[in-house]
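These notes concern the structure reproduced below.
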There are 2 protein chains.
Amino acid sequence: MSHMAYACLMAVDREHVLRSAAALLARKSTSTMDEVAKAAGISRATLHRLFAGRDALVRALEGLGIEECEAALTAARLGEDTAPEAVRRLVRELEPAAGLLAFLYTENQLFEGEQLYEGWARIDAGIAALFRRGQQSGEFRIDLTPAWLTEALYGLMASAAWAVSEGRAAPKDFTHMVVELLLGGALRREES
Amino acid sequence: MSHMAYACLMAVDREHVLRSAAALLARKSTSTMDEVAKAAGISRATLHRLFAGRDALVRALEGLGIEECEAALTAARLGEDTAPEAVRRLVRELEPAAGLLAFLYTENQLFEGEQLYEGWARIDAGIAALFRRGQQSGEFRIDLTPAWLTEALYGLMASAAWAVSEGRAAPKDFTHMVVELLLGGALRREES
DNA sequence: GCCATATGAGACATTCTTGTCTCATGAGAA
DNA sequence: TTCTCATGAGACAAGAATGTCTCATATGGC
């Protein structure tokens, strides 16, 4: 087996294991390394060969979350169209990563060692900039700070991901639930 | 020391310890029994005398959360006034318990043994009924289910509690942030 | 067929947390 | 003062999860 083939195989496996771990930990954040391994269909030994330890695994998951968020930000083209439309695209792009995001969002111990803090800061800044743009254009209200709107976006996505995984909501409604509540709120609009 | 005095002292201590534990676990949900004890200013031995074990402590916290929620539901008089006003009162009454709620909300393992499920079900039903009332009166939009609005209320309160405890938002803005986003959303209203 | 190597199975020590125990101490009641 | 009892300090064992190790196996390239 050549070096290239070896590297490629490893990358594929790491990716697959990471996805499985994300799906499992999103449901049960206290899952054991053994459970993570079984969920990925590999042995605990191999899991430890791929990730030095639990910390490394969580860190890798955080890295994956950052990657997916940045990809979503890019794909959503937050600078184009009206701000509400951009928010809708953002949520739609973020939806596949919602479970992972929910896990990372509640894993408050992540910020003890703040290596990857920059990554999240850039993402937060990008989302907050979108809300700020909407405020400056007069589309969004100005009595709620961009920071809080960003936080609320995370919180609603986590709640929606949780509701879907618990069967309390249909997966197809995810984007609608989050976007409509985040943008329009519960109040009925006057037909204008 | 008489039996009455004994019972009274114990009750007070349990309450205080429970509050401390709630405050600590809201910030770091993996805190050790030793850390919980130190945070409450007692020894681990006494903590174990008050609560049989970690499970019992978490169960007691869940019981406290249910109590506070029910008290808040009662105090908020959800059946009176307009639905939006009732929501505002509800959030205001719920605010002191927000940290505890955030902890319980993310402690998904609670529902493995579903002893206290009834308590939460009653609370959820009460809140959902409020949203349903608002929908029937035409104040709330009907394309978002009462169940999702309830879920979103929890999620936003958790996000806000988290943002406040991290210093990303001012405590005094808590109710405003939650209520305004939940009811009105990010979109600017047309002045009518 | 032969060899390299990634994998799985499992043993093992280590660490952390928990739960239980004992004992000395100090505060409060009689 | 004296007694009672809750408390704190600490030792101890049990259990779980982790990290590391070895070895047998099987898969894939030569």
*Distance-only, no hydrogens or angles: does the A:Gln135 side chain make a donor-acceptor pair with backbone N or O of A:Leu144 under 3.5 Å?*
yes
How long is the line joining [atom1] of [X] and [atom2] of [N], in whole Å?
X: B:Arg14; N: D:dA6; atom1: CZ; atom2: C1'; value: 16 Å
X: B:Leu50; N: D:dT7; atom1: CG; atom2: P; value: 7 Å
X: A:Leu47; N: C:dT7; atom1: CG; atom2: P; value: 11 Å
X: B:Arg54; N: D:dA16; atom1: CZ; atom2: C1'; value: 14 Å
X: B:Asp55; N: D:dA16; atom1: CG; atom2: P; value: 13 Å
X: B:Lys38; N: C:dT18; atom1: NZ; atom2: C1'; value: 15 Å
X: B:Phe51; N: D:dT7; atom1: CZ; atom2: P; value: 12 Å
X: A:Leu57; N: D:dG19; atom1: CG; atom2: P; value: 10 Å

*Can you find a side chain N or O atom of A:Thr32 that sits less than 4.0 Å from OP1 or OP2 on D:dA17?*
yes
_Assess whether a salt bridge exists between A:Arg54 and A:Glu107, defined as any Lys/Arg side-chain N lying under 4.0 Å from an Asp/Glu carboxylate O._
no
*Just by distance, with hydrogens left out, do A:Thr106 and B:Tyr105 show a side-chain donor and acceptor under 3.5 Å apart?*
no
*Report the residue (B:Gly41 or A:Met33) whose heavy-atom-nearest nucleotide on DNA chain D is the more 5′ of the two.*
B:Gly41
Considering only side-chain heavy atoms of [X], which listed nucleotide, [options], is closest?
X: A:Arg49; options: C:dT18, C:dG8, D:dA9; value: C:dG8
X: B:Asp13; options: D:dT18, D:dT7, D:dT22; value: D:dT7
X: A:Ala45; options: C:dT7, D:dG8, C:dG10; value: C:dG10
X: A:Thr46; options: D:dG8, C:dT18, C:dG8; value: C:dG8
X: B:His48; options: D:dG8, D:dT22, C:dG19; value: C:dG19

*salt bridge (charged side-chain N to carboxylate O under 4.0 Å, His left out) between A:Lys38 and A:Glu35, intermediate numbers included*: CA-CA 5 Å; A:Lys38 277 186 173 47; A:Glu35 295 173 302; over 6 Å; no
*Sugar-phosphate only, base, or nothing, as touched by A:Arg44 at under 4.0 Å among non-hydrogen atoms*: base
*Check: A:Asp173 and B:Thr145 side chains under 4.5 Å, non-hydrogen atoms*: no
